[in-house]
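First the proteins, then the strands, lettered A, B, ... as listed; each starts at 1.
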There are 2 protein chains.
Amino acid sequence: MLSAMTAPGPPPYGSPDALRPRKQPRQARSRATVDRILASGREVLLSDGYDAFSTNRVADAAGISPGSLYQYFPNKHAIVAAIVDRYSDDVSDQVAASLVDRLGEVGPAMVRACADALLTALEENADLLRVVFEELPARQNAARRAALERRVQDLVAAYLAASRAGEPSPRQPTVVAWVLVLAVENLAVRWVLDAPPIPRDVVLDELVRLSLGYLQADRGAGGASA
Amino acid sequence: MLSAMTAPGPPPYGSPDALRPRKQPRQARSRATVDRILASGREVLLSDGYDAFSTNRVADAAGISPGSLYQYFPNKHAIVAAIVDRYSDDVSDQVAASLVDRLGEVGPAMVRACADALLTALEENADLLRVVFEELPARQNAARRAALERRVQDLVAAYLAASRAGEPSPRQPTVVAWVLVLAVENLAVRWVLDAPPIPRDVVLDELVRLSLGYLQADRGAGGASA
DNA sequence: CTGGTATGCGAGTCCTGGCTCGCGTCAGGA
DNA sequence: TCCTGACGCGAGCCAGGACTCGCATACCAG
(Lines give C-alpha, C1' and ligand atoms only; values in the text may rest on other atoms or scores of the structure.)
Protein backbone atom coordinates (compact mmCIF):
# COMPACT_ATOMS: atom_id res chain seq x y z
CA MET A 1 0.00 0.00 0.00
CA LEU A 2 0.89 3.65 -0.15
CA SER A 3 2.85 2.98 -3.26
CA ALA A 4 2.67 6.62 -4.23
CA MET A 5 4.66 7.63 -1.18
CA THR A 6 7.48 5.17 -1.57
CA ALA A 7 8.48 6.43 -5.00
CA PRO A 8 11.72 8.41 -4.76
CA GLY A 9 10.69 11.17 -7.12
CA PRO A 10 7.16 12.34 -7.71
CA PRO A 11 5.82 10.23 -10.57
CA PRO A 12 4.58 12.11 -13.63
CA TYR A 13 0.84 12.51 -13.83
CA GLY A 14 0.73 10.21 -16.80
CA SER A 15 2.01 7.41 -14.63
CA PRO A 16 -0.53 4.67 -14.00
CA ASP A 17 -0.84 5.03 -10.26
CA ALA A 18 -0.15 8.69 -9.75
CA LEU A 19 -3.85 9.05 -9.20
CA ARG A 20 -4.31 6.10 -6.89
CA PRO A 21 -5.84 6.94 -3.53
CA ARG A 22 -3.47 7.06 -0.61
CA LYS A 23 -5.55 4.97 1.67
CA GLN A 24 -8.98 3.46 1.72
CA PRO A 25 -11.52 5.00 4.05
CA ARG A 26 -12.34 2.42 6.72
CA GLN A 27 -14.95 3.99 8.88
CA ALA A 28 -18.31 5.29 7.73
CA ARG A 29 -17.23 8.79 8.69
CA SER A 30 -14.34 8.86 6.27
CA ARG A 31 -16.36 7.28 3.51
CA ALA A 32 -18.76 10.17 3.85
CA THR A 33 -15.81 12.56 3.66
CA VAL A 34 -14.64 11.09 0.40
CA ASP A 35 -18.14 11.36 -0.98
CA ARG A 36 -18.34 14.97 0.10
CA ILE A 37 -15.03 15.74 -1.56
CA LEU A 38 -16.22 14.23 -4.82
CA ALA A 39 -19.59 15.94 -4.67
CA SER A 40 -18.14 19.32 -3.80
CA GLY A 41 -15.44 18.97 -6.39
CA ARG A 42 -18.10 18.35 -8.95
CA GLU A 43 -19.99 21.41 -7.84
CA VAL A 44 -16.93 23.61 -8.01
CA LEU A 45 -16.22 22.28 -11.48
CA LEU A 46 -19.75 23.04 -12.60
CA SER A 47 -20.21 26.42 -11.01
CA ASP A 48 -16.78 27.97 -11.39
CA GLY A 49 -14.96 25.88 -13.93
CA TYR A 50 -11.69 24.07 -13.89
CA ASP A 51 -9.61 27.21 -13.52
CA ALA A 52 -11.13 27.84 -10.12
CA PHE A 53 -10.75 24.22 -9.10
CA SER A 54 -8.17 24.48 -6.33
CA THR A 55 -7.74 21.99 -3.57
CA ASN A 56 -8.36 24.66 -0.97
CA ARG A 57 -11.54 25.65 -2.74
CA VAL A 58 -12.82 22.10 -2.89
CA ALA A 59 -11.97 21.46 0.73
CA ASP A 60 -13.75 24.64 1.69
CA ALA A 61 -16.83 23.73 -0.33
CA ALA A 62 -16.84 20.30 1.23
CA GLY A 63 -16.59 21.75 4.70
CA ILE A 64 -13.36 19.96 5.48
CA SER A 65 -9.74 20.99 5.78
CA PRO A 66 -7.16 20.71 3.01
CA GLY A 67 -5.29 18.19 5.08
CA SER A 68 -8.21 15.79 5.19
CA LEU A 69 -8.48 15.94 1.47
CA TYR A 70 -4.94 14.73 1.06
CA GLN A 71 -5.59 11.73 3.23
CA TYR A 72 -7.47 10.07 0.40
CA PHE A 73 -6.25 11.78 -2.75
CA PRO A 74 -2.56 12.04 -3.61
CA ASN A 75 -3.03 15.26 -5.55
CA LYS A 76 -5.44 17.59 -7.21
CA HIS A 77 -5.57 15.67 -10.47
CA ALA A 78 -6.71 12.53 -8.71
CA ILE A 79 -9.85 14.29 -7.55
CA VAL A 80 -10.70 15.48 -11.02
CA ALA A 81 -9.95 12.07 -12.43
CA ALA A 82 -12.27 10.41 -9.94
CA ILE A 83 -15.10 12.77 -10.81
CA VAL A 84 -14.63 12.38 -14.53
CA ASP A 85 -14.29 8.63 -14.23
CA ARG A 86 -17.63 8.33 -12.54
CA TYR A 87 -19.28 10.47 -15.19
CA SER A 88 -17.54 8.66 -18.00
CA ASP A 89 -18.67 5.30 -16.73
CA ASP A 90 -22.23 6.53 -16.48
CA VAL A 91 -22.35 7.57 -20.10
CA SER A 92 -20.56 4.47 -21.20
CA ASP A 93 -22.97 2.27 -19.29
CA GLN A 94 -26.04 3.89 -20.72
CA VAL A 95 -24.86 3.68 -24.29
CA ALA A 96 -23.58 0.16 -23.95
CA ALA A 97 -26.83 -0.95 -22.33
CA SER A 98 -28.84 0.58 -25.10
CA LEU A 99 -26.73 -1.25 -27.65
CA VAL A 100 -26.87 -4.58 -25.89
CA ASP A 101 -30.63 -4.38 -25.53
CA ARG A 102 -30.99 -4.15 -29.29
CA LEU A 103 -28.27 -6.43 -30.56
CA GLY A 104 -30.94 -8.61 -32.18
CA GLU A 105 -32.72 -5.85 -34.04
CA VAL A 106 -31.82 -4.33 -37.38
CA GLY A 107 -32.65 -1.26 -39.37
CA PRO A 108 -33.37 2.41 -38.80
CA ALA A 109 -35.34 1.98 -35.62
CA MET A 110 -32.46 0.25 -33.91
CA VAL A 111 -29.92 2.84 -34.96
CA ARG A 112 -32.19 5.64 -33.99
CA ALA A 113 -32.82 4.20 -30.58
CA CYS A 114 -29.12 3.92 -29.86
CA ALA A 115 -28.42 7.43 -31.06
CA ASP A 116 -31.25 8.61 -28.91
CA ALA A 117 -29.75 6.88 -25.91
CA LEU A 118 -26.45 8.59 -26.57
CA LEU A 119 -28.03 12.02 -26.87
CA THR A 120 -30.03 11.46 -23.74
CA ALA A 121 -26.98 10.38 -21.79
CA LEU A 122 -25.09 13.47 -22.90
CA GLU A 123 -27.93 15.87 -22.31
CA GLU A 124 -28.43 14.56 -18.82
CA ASN A 125 -25.22 16.21 -17.64
CA ALA A 126 -24.53 18.69 -20.35
CA ASP A 127 -22.82 21.03 -17.92
CA LEU A 128 -20.32 18.44 -16.82
CA LEU A 129 -19.86 17.41 -20.43
CA ARG A 130 -18.91 20.97 -21.22
CA VAL A 131 -16.35 21.06 -18.46
CA VAL A 132 -14.85 17.78 -19.55
CA PHE A 133 -14.70 18.66 -23.22
CA GLU A 134 -13.94 22.34 -23.10
CA GLU A 135 -12.02 23.07 -19.95
CA LEU A 136 -10.01 20.06 -18.97
CA PRO A 137 -6.81 19.48 -20.89
CA ALA A 138 -7.85 16.54 -23.03
CA ARG A 139 -4.67 14.61 -22.36
CA GLN A 140 -5.80 13.77 -18.85
CA ASN A 141 -8.95 12.10 -20.09
CA ALA A 142 -7.50 10.64 -23.24
CA ALA A 143 -7.17 7.21 -21.73
CA ARG A 144 -10.60 7.23 -20.16
CA ARG A 145 -12.22 8.49 -23.33
CA ALA A 146 -10.39 5.96 -25.44
CA ALA A 147 -11.66 3.19 -23.18
CA LEU A 148 -15.20 4.41 -23.51
CA GLU A 149 -14.93 4.58 -27.27
CA ARG A 150 -13.32 1.19 -27.51
CA ARG A 151 -16.05 -0.38 -25.45
CA VAL A 152 -18.72 0.96 -27.77
CA GLN A 153 -16.69 0.21 -30.86
CA ASP A 154 -16.31 -3.40 -29.82
CA LEU A 155 -20.03 -3.72 -29.36
CA VAL A 156 -20.75 -2.16 -32.71
CA ALA A 157 -18.16 -4.31 -34.42
CA ALA A 158 -19.66 -7.42 -32.88
CA TYR A 159 -23.08 -6.35 -33.99
CA LEU A 160 -21.88 -5.73 -37.51
CA ALA A 161 -20.05 -9.02 -37.73
CA ALA A 162 -23.13 -10.87 -36.55
CA SER A 163 -25.78 -9.16 -38.58
CA ARG A 164 -24.17 -8.62 -41.93
CA ALA A 165 -26.79 -10.65 -43.73
CA GLY A 166 -27.22 -9.27 -47.19
CA GLU A 167 -24.25 -6.97 -46.93
CA PRO A 168 -22.42 -6.91 -50.25
CA SER A 169 -18.76 -6.51 -49.36
CA PRO A 170 -17.41 -7.79 -46.06
CA ARG A 171 -15.53 -4.70 -44.93
CA GLN A 172 -13.60 -4.94 -41.71
CA PRO A 173 -16.09 -4.50 -38.90
CA THR A 174 -13.50 -2.88 -36.67
CA VAL A 175 -12.81 -0.18 -39.21
CA VAL A 176 -16.49 0.40 -39.85
CA ALA A 177 -17.17 0.56 -36.13
CA TRP A 178 -14.32 3.03 -35.66
CA VAL A 179 -15.74 5.33 -38.29
CA LEU A 180 -19.28 5.03 -37.08
CA VAL A 181 -18.60 5.55 -33.41
CA LEU A 182 -16.26 8.50 -33.77
CA ALA A 183 -18.49 10.24 -36.27
CA VAL A 184 -21.66 9.83 -34.28
CA GLU A 185 -19.99 10.61 -31.00
CA ASN A 186 -18.59 13.88 -32.17
CA LEU A 187 -21.84 14.97 -33.76
CA ALA A 188 -23.77 14.16 -30.63
CA VAL A 189 -21.33 15.98 -28.38
CA ARG A 190 -21.18 19.01 -30.60
CA TRP A 191 -24.93 19.16 -30.91
CA VAL A 192 -25.34 19.16 -27.17
CA LEU A 193 -22.56 21.64 -26.48
CA ASP A 194 -22.86 24.07 -29.37
CA ALA A 195 -26.65 23.96 -29.58
CA PRO A 196 -26.86 24.64 -33.30
CA PRO A 197 -30.32 25.55 -34.59
CA ILE A 198 -31.20 21.98 -35.45
CA PRO A 199 -34.12 20.26 -33.73
CA ARG A 200 -33.42 17.13 -31.80
CA ASP A 201 -35.35 14.78 -34.04
CA VAL A 202 -33.73 16.21 -37.12
CA VAL A 203 -30.35 15.41 -35.66
CA LEU A 204 -31.52 11.91 -34.92
CA ASP A 205 -32.79 11.54 -38.48
CA GLU A 206 -29.46 12.67 -39.81
CA LEU A 207 -27.51 10.37 -37.55
CA VAL A 208 -29.58 7.48 -38.82
CA ARG A 209 -29.04 8.54 -42.42
CA LEU A 210 -25.34 8.92 -41.82
CA SER A 211 -24.99 5.50 -40.23
CA LEU A 212 -27.17 3.50 -42.58
CA GLY A 213 -26.00 5.37 -45.63
CA TYR A 214 -22.44 4.55 -44.68
CA LEU A 215 -23.22 0.91 -44.03
CA GLN A 216 -24.93 0.53 -47.38
CA ALA A 217 -22.49 2.64 -49.34
CA ASP A 218 -21.10 -0.12 -51.46
CA ARG A 219 -22.67 0.51 -54.80
CA GLY A 220 -20.71 3.06 -56.75
CA ALA A 221 -18.62 4.59 -54.05
CA GLY A 222 -16.54 1.55 -53.29
CA GLY A 223 -12.90 1.83 -54.18
CA ALA A 224 -13.08 5.27 -55.67
CA SER A 225 -9.50 6.31 -56.20
CA ALA A 226 -8.34 9.81 -56.94
CA MET B 1 -4.74 52.03 -28.53
CA LEU B 2 -3.54 50.30 -25.40
CA SER B 3 -7.11 49.55 -24.54
CA ALA B 4 -6.05 46.72 -22.30
CA MET B 5 -4.21 49.05 -19.97
CA THR B 6 -6.96 51.61 -19.49
CA ALA B 7 -9.47 49.10 -18.17
CA PRO B 8 -9.88 49.46 -14.42
CA GLY B 9 -9.96 45.76 -13.69
CA PRO B 10 -8.21 43.09 -15.69
CA PRO B 11 -10.66 41.94 -18.38
CA PRO B 12 -11.53 38.25 -18.40
CA TYR B 13 -9.70 36.19 -20.94
CA GLY B 14 -12.93 35.58 -22.80
CA SER B 15 -13.15 39.29 -23.50
CA PRO B 16 -12.71 40.20 -27.16
CA ASP B 17 -9.55 42.26 -26.85
CA ALA B 18 -7.86 40.68 -23.88
CA LEU B 19 -5.47 39.14 -26.36
CA ARG B 20 -4.82 42.22 -28.44
CA PRO B 21 -1.19 43.25 -28.67
CA ARG B 22 -0.14 46.18 -26.55
CA LYS B 23 1.65 48.00 -29.29
CA GLN B 24 2.70 47.36 -32.81
CA PRO B 25 6.39 46.84 -33.46
CA ARG B 26 7.66 49.80 -35.49
CA GLN B 27 11.26 49.06 -36.20
CA ALA B 28 12.68 46.02 -37.91
CA ARG B 29 14.40 45.05 -34.69
CA SER B 30 11.18 44.72 -32.78
CA ARG B 31 9.42 42.92 -35.59
CA ALA B 32 12.14 40.32 -35.40
CA THR B 33 11.62 40.11 -31.66
CA VAL B 34 7.94 39.37 -32.09
CA ASP B 35 8.77 36.71 -34.64
CA ARG B 36 11.29 35.17 -32.28
CA ILE B 37 8.73 35.10 -29.49
CA LEU B 38 6.24 33.32 -31.68
CA ALA B 39 8.78 30.86 -33.03
CA SER B 40 10.21 30.06 -29.62
CA GLY B 41 6.78 29.79 -28.11
CA ARG B 42 5.90 27.26 -30.74
CA GLU B 43 9.04 25.32 -30.01
CA VAL B 44 8.38 25.26 -26.30
CA LEU B 45 4.85 24.09 -26.98
CA LEU B 46 6.09 21.30 -29.20
CA SER B 47 9.03 20.12 -27.16
CA ASP B 48 7.76 20.49 -23.62
CA GLY B 49 4.03 20.89 -23.88
CA TYR B 50 1.63 23.48 -22.64
CA ASP B 51 2.31 22.78 -18.99
CA ALA B 52 5.87 23.96 -19.38
CA PHE B 53 4.82 26.97 -21.41
CA SER B 54 5.70 29.81 -19.06
CA THR B 55 6.44 33.34 -20.14
CA ASN B 56 9.87 33.17 -18.55
CA ARG B 57 10.57 29.98 -20.42
CA VAL B 58 9.51 31.42 -23.74
CA ALA B 59 11.49 34.58 -23.19
CA ASP B 60 14.50 32.50 -22.30
CA ALA B 61 14.15 30.33 -25.38
CA ALA B 62 13.77 33.42 -27.53
CA GLY B 63 16.87 34.94 -26.01
CA ILE B 64 15.04 37.99 -24.75
CA SER B 65 13.92 39.21 -21.35
CA PRO B 66 10.46 38.72 -19.90
CA GLY B 67 9.93 42.44 -20.01
CA SER B 68 10.43 42.63 -23.74
CA LEU B 69 7.87 39.95 -24.21
CA TYR B 70 5.23 42.00 -22.46
CA GLN B 71 5.84 44.95 -24.73
CA TYR B 72 3.93 43.20 -27.47
CA PHE B 73 1.74 40.66 -25.74
CA PRO B 74 -0.61 41.61 -22.91
CA ASN B 75 -0.40 38.20 -21.29
CA LYS B 76 0.60 34.62 -21.69
CA HIS B 77 -2.60 33.54 -23.37
CA ALA B 78 -2.15 36.07 -26.13
CA ILE B 79 1.07 34.36 -27.18
CA VAL B 80 -0.57 30.97 -27.34
CA ALA B 81 -3.52 32.43 -29.18
CA ALA B 82 -1.27 34.01 -31.77
CA ILE B 83 0.54 30.74 -32.38
CA VAL B 84 -2.65 28.74 -32.62
CA ASP B 85 -4.29 31.34 -34.84
CA ARG B 86 -1.54 31.12 -37.35
CA TYR B 87 -1.74 27.34 -37.41
CA SER B 88 -5.51 27.37 -37.56
CA ASP B 89 -5.53 29.72 -40.50
CA ASP B 90 -3.05 27.52 -42.32
CA VAL B 91 -5.22 24.46 -42.04
CA SER B 92 -8.33 26.42 -42.85
CA ASP B 93 -6.73 27.91 -45.93
CA GLN B 94 -5.57 24.59 -47.28
CA VAL B 95 -8.90 22.90 -46.85
CA ALA B 96 -10.86 25.81 -48.19
CA ALA B 97 -8.58 26.09 -51.20
CA SER B 98 -8.97 22.42 -51.94
CA LEU B 99 -12.71 22.79 -51.80
CA VAL B 100 -12.85 25.90 -53.94
CA ASP B 101 -10.65 24.31 -56.57
CA ARG B 102 -13.18 21.53 -57.02
CA LEU B 103 -16.50 23.28 -56.63
CA GLY B 104 -17.39 22.32 -60.17
CA GLU B 105 -16.65 18.64 -59.86
CA VAL B 106 -18.90 15.93 -58.49
CA GLY B 107 -18.60 12.37 -57.24
CA PRO B 108 -16.16 10.23 -55.33
CA ALA B 109 -13.01 11.71 -56.79
CA MET B 110 -13.93 15.18 -55.64
CA VAL B 111 -14.79 14.08 -52.12
CA ARG B 112 -11.68 12.01 -51.88
CA ALA B 113 -9.49 14.84 -53.01
CA CYS B 114 -10.87 17.16 -50.37
CA ALA B 115 -10.53 14.57 -47.64
CA ASP B 116 -7.00 14.01 -48.79
CA ALA B 117 -6.28 17.70 -48.54
CA LEU B 118 -7.61 17.72 -45.01
CA LEU B 119 -5.53 14.75 -43.96
CA THR B 120 -2.45 16.25 -45.53
CA ALA B 121 -2.97 19.56 -43.79
CA LEU B 122 -3.34 17.83 -40.44
CA GLU B 123 -0.41 15.49 -40.94
CA GLU B 124 1.84 18.34 -41.86
CA ASN B 125 1.92 19.60 -38.28
CA ALA B 126 0.67 16.63 -36.36
CA ASP B 127 2.70 17.60 -33.31
CA LEU B 128 1.13 21.02 -33.06
CA LEU B 129 -2.26 19.47 -33.73
CA ARG B 130 -1.71 17.24 -30.74
CA VAL B 131 -0.86 20.15 -28.52
CA VAL B 132 -3.88 22.09 -29.68
CA PHE B 133 -6.29 19.20 -29.32
CA GLU B 134 -4.92 17.43 -26.31
CA GLU B 135 -3.18 19.94 -24.11
CA LEU B 136 -4.81 23.30 -24.52
CA PRO B 137 -8.08 23.81 -22.70
CA ALA B 138 -10.50 23.72 -25.60
CA ARG B 139 -12.42 26.75 -24.43
CA GLN B 140 -9.61 29.05 -25.51
CA ASN B 141 -9.77 27.81 -29.08
CA ALA B 142 -13.48 27.28 -29.23
CA ALA B 143 -14.06 30.50 -31.12
CA ARG B 144 -11.20 29.97 -33.51
CA ARG B 145 -12.20 26.39 -34.17
CA ALA B 146 -15.82 27.33 -34.67
CA ALA B 147 -14.76 29.91 -37.23
CA LEU B 148 -12.72 27.35 -39.11
CA GLU B 149 -15.58 24.90 -39.12
CA ARG B 150 -18.10 27.50 -40.17
CA ARG B 151 -15.93 28.57 -43.06
CA VAL B 152 -15.76 25.03 -44.38
CA GLN B 153 -19.39 24.35 -43.63
CA ASP B 154 -20.43 27.38 -45.63
CA LEU B 155 -18.41 26.19 -48.58
CA VAL B 156 -19.85 22.71 -48.38
CA ALA B 157 -23.36 24.05 -48.01
CA ALA B 158 -22.90 26.25 -51.05
CA TYR B 159 -21.55 23.32 -53.00
CA LEU B 160 -24.51 21.17 -52.01
CA ALA B 161 -27.04 23.82 -52.84
CA ALA B 162 -25.50 24.32 -56.26
CA SER B 163 -24.93 20.73 -57.27
CA ARG B 164 -27.94 18.93 -55.99
CA ALA B 165 -28.91 17.75 -59.42
CA GLY B 166 -30.73 14.47 -59.11
CA GLU B 167 -30.94 14.61 -55.37
CA PRO B 168 -34.25 13.18 -54.23
CA SER B 169 -35.21 15.20 -51.19
CA PRO B 170 -34.02 18.77 -50.73
CA ARG B 171 -32.66 18.51 -47.23
CA GLN B 172 -31.31 21.66 -45.67
CA PRO B 173 -27.81 22.13 -47.01
CA THR B 174 -26.69 23.80 -43.81
CA VAL B 175 -27.69 20.82 -41.74
CA VAL B 176 -26.11 18.39 -44.16
CA ALA B 177 -22.93 20.44 -44.21
CA TRP B 178 -22.85 20.57 -40.43
CA VAL B 179 -23.09 16.80 -40.20
CA LEU B 180 -20.58 16.17 -42.92
CA VAL B 181 -17.95 18.60 -41.76
CA LEU B 182 -18.02 17.65 -38.10
CA ALA B 183 -18.02 13.94 -38.83
CA VAL B 184 -15.17 14.07 -41.30
CA GLU B 185 -13.17 16.53 -39.25
CA ASN B 186 -13.26 14.42 -36.14
CA LEU B 187 -12.37 11.25 -37.99
CA ALA B 188 -9.45 12.92 -39.68
CA VAL B 189 -8.13 14.43 -36.47
CA ARG B 190 -8.50 11.21 -34.56
CA TRP B 191 -6.83 9.20 -37.27
CA VAL B 192 -3.84 11.49 -37.26
CA LEU B 193 -3.56 11.71 -33.49
CA ASP B 194 -4.47 8.22 -32.36
CA ALA B 195 -2.84 6.43 -35.27
CA PRO B 196 -5.20 3.47 -35.32
CA PRO B 197 -4.07 0.49 -37.42
CA ILE B 198 -5.88 1.67 -40.51
CA PRO B 199 -3.95 2.52 -43.66
CA ARG B 200 -4.27 5.99 -45.03
CA ASP B 201 -6.05 5.05 -48.23
CA VAL B 202 -8.51 2.89 -46.34
CA VAL B 203 -9.42 5.86 -44.23
CA LEU B 204 -9.88 7.93 -47.35
CA ASP B 205 -12.09 5.22 -48.84
CA GLU B 206 -14.20 5.18 -45.73
CA LEU B 207 -14.50 8.94 -45.60
CA VAL B 208 -15.75 8.90 -49.17
CA ARG B 209 -18.21 6.13 -48.38
CA LEU B 210 -19.40 7.98 -45.31
CA SER B 211 -19.94 11.23 -47.16
CA LEU B 212 -21.53 9.90 -50.33
CA GLY B 213 -23.52 7.29 -48.47
CA TYR B 214 -24.93 10.02 -46.28
CA LEU B 215 -25.73 12.27 -49.21
CA GLN B 216 -27.56 9.50 -51.03
CA ALA B 217 -29.23 8.06 -47.97
CA ASP B 218 -32.75 8.90 -48.93
CA ARG B 219 -34.16 5.62 -49.90
CA GLY B 220 -35.47 3.71 -46.94
CA ALA B 221 -33.75 5.53 -44.14
CA GLY B 222 -35.61 8.80 -44.46
CA GLY B 223 -37.96 9.62 -41.65
CA ALA B 224 -37.39 6.50 -39.65
CA SER B 225 -39.06 7.12 -36.33
CA ALA B 226 -38.49 5.17 -33.18
C1' DC C 1 -12.43 1.81 30.56
C1' DT C 2 -8.36 2.20 27.72
C1' DG C 3 -4.96 2.11 24.32
C1' DG C 4 -4.25 2.32 19.54
C1' DT C 5 -5.58 3.73 15.19
C1' DA C 6 -8.31 6.18 12.01
C1' DT C 7 -9.83 10.61 11.07
C1' DG C 8 -9.77 15.50 10.97
C1' DC C 9 -7.79 20.02 11.53
C1' DG C 10 -5.85 24.48 9.60
C1' DA C 11 -2.18 27.61 9.98
C1' DG C 12 1.62 27.73 7.55
C1' DT C 13 5.48 26.42 4.15
C1' DC C 14 7.24 26.97 -0.13
C1' DC C 15 7.53 27.35 -4.81
C1' DT C 16 5.96 28.46 -9.25
C1' DG C 17 5.27 31.75 -12.57
C1' DG C 18 2.84 35.84 -14.44
C1' DC C 19 3.98 40.28 -14.73
C1' DT C 20 6.32 45.10 -13.56
C1' DC C 21 9.28 49.03 -13.50
C1' DG C 22 13.07 51.87 -13.55
C1' DC C 23 16.76 52.30 -16.10
C1' DG C 24 20.09 51.68 -19.99
C1' DT C 25 20.69 51.34 -25.22
C1' DC C 26 19.77 51.93 -30.07
C1' DA C 27 17.66 53.85 -34.36
C1' DG C 28 16.40 57.38 -37.31
C1' DG C 29 14.71 61.98 -38.44
C1' DA C 30 15.99 66.93 -38.29
C1' DT D 1 25.35 65.55 -34.52
C1' DC D 2 21.76 65.42 -31.31
C1' DC D 3 17.57 64.14 -29.32
C1' DT D 4 13.41 61.77 -28.82
C1' DG D 5 10.99 57.79 -28.65
C1' DA D 6 11.22 52.93 -29.63
C1' DC D 7 13.33 49.01 -27.83
C1' DG D 8 15.31 45.98 -24.49
C1' DC D 9 16.82 44.49 -19.96
C1' DG D 10 16.36 41.48 -15.73
C1' DA D 11 16.08 41.41 -10.84
C1' DG D 12 12.36 41.09 -8.28
C1' DC D 13 7.51 41.68 -6.67
C1' DC D 14 3.55 39.27 -5.39
C1' DA D 15 -0.53 36.40 -5.57
C1' DG D 16 -2.17 32.10 -5.84
C1' DG D 17 -2.28 27.58 -4.72
C1' DA D 18 -0.53 22.70 -4.02
C1' DC D 19 0.66 20.36 -0.26
C1' DT D 20 2.46 19.35 4.88
C1' DC D 21 2.81 18.41 9.71
C1' DG D 22 2.12 18.37 14.41
C1' DC D 23 -1.62 17.97 17.15
C1' DA D 24 -6.58 17.24 18.70
C1' DT D 25 -10.49 14.28 18.47
C1' DA D 26 -13.50 10.31 17.35
C1' DC D 27 -14.05 5.46 16.86
C1' DC D 28 -13.49 0.59 18.06
C1' DA D 29 -11.35 -3.66 19.92
C1' DG D 30 -10.14 -5.97 23.99
* Any chance you could lay out the side chain to side chain contact (heavy atoms under 4.5 Å, CB included) test for R144(B) and D89(B), step after step, and finish with the verdict? => CA-CA 9 Å; R144(B) 187 58 48 173; D89(B) 288 345; 3.9 Å; yes
Nucleotide [N], atom [atom2] - distance to [atom1] of [X] in whole Å:
| X | N | atom1 | atom2 | value |
| --- | --- | --- | --- | --- |
| D51(A) | dG18(C) | CG | C1' | 14 Å |
| F73(B) | dT20(C) | CZ | P | 15 Å |
| I64(A) | dA26(D) | CD1 | P | 17 Å |
| K23(A) | dT7(C) | NZ | C1' | 7 Å |
| R36(A) | dT7(C) | CZ | P | 14 Å |
| Y70(A) | dG22(D) | OH | P | 18 Å |
| K76(B) | dA15(D) | NZ | P | 19 Å |
| Q71(A) | dG8(C) | CD | C1' | 7 Å |

* To do: Identify the two heavy atoms, one from L129(A) and one from V189(A), that lie closest to each other, and give their separation to 0.1 Å.
  => CD2-CG1, 4.4 Å
* For V34(A) and Q24(A), what are the C-alpha separation, side-chain angles and deciding distance, and is it a side chain to side chain contact (heavy atoms under 4.5 Å, CB included)? -> CA-CA 10 Å; V34(A) 170; Q24(A) 296 299 324; over 6 Å; no
Does the side chain of [X] get closer than 4.0 angstrom to OP1 or OP2 of [N] through an N or O atom?
| X | N | answer |
| --- | --- | --- |
| T33(A) | dG8(C) | yes |
| S68(A) | dC9(C) | yes |
| S30(A) | dA6(C) | no |
| T55(B) | dC19(C) | no |

* To do: Starting from the 5' end of DNA chain D, give me the residue, G63(B) or A52(A), whose nearest nucleotide shows up first.
  => G63(B)
* Asked: Closer to the 5' end of DNA chain D via nearest nucleotide, is it Q24(B) or P66(B)?
  -> Q24(B)
* **No-H, no-angle donor-acceptor pair, S54(A) side chain to dG17(D) base, under 3.5 Å** => no
* Asked: Can you find a donor-acceptor N/O pair under 3.5 angstrom joining the side chain of N56(A) to the base of dC19(D)?
  -> yes
* **Options dA27(C), dG10(C), dG8(D), nucleotide nearest the side-chain atoms of Q27(B)** => dA27(C)
* Asked: Which nucleotide in the set dG10(C), dC7(D), dC19(C) lies at the smallest distance from any side-chain heavy atom of Y72(B)?
  -> dC7(D)
* Residues R151(A) and D93(A) bridged, charged N to O under 4.0 Å -> yes
* Asked: Does Y214(B) have R171(B) sitting over its ring (NZ/CZ under 6.0 Å from centre, angle to axis within 45°)?
  -> yes
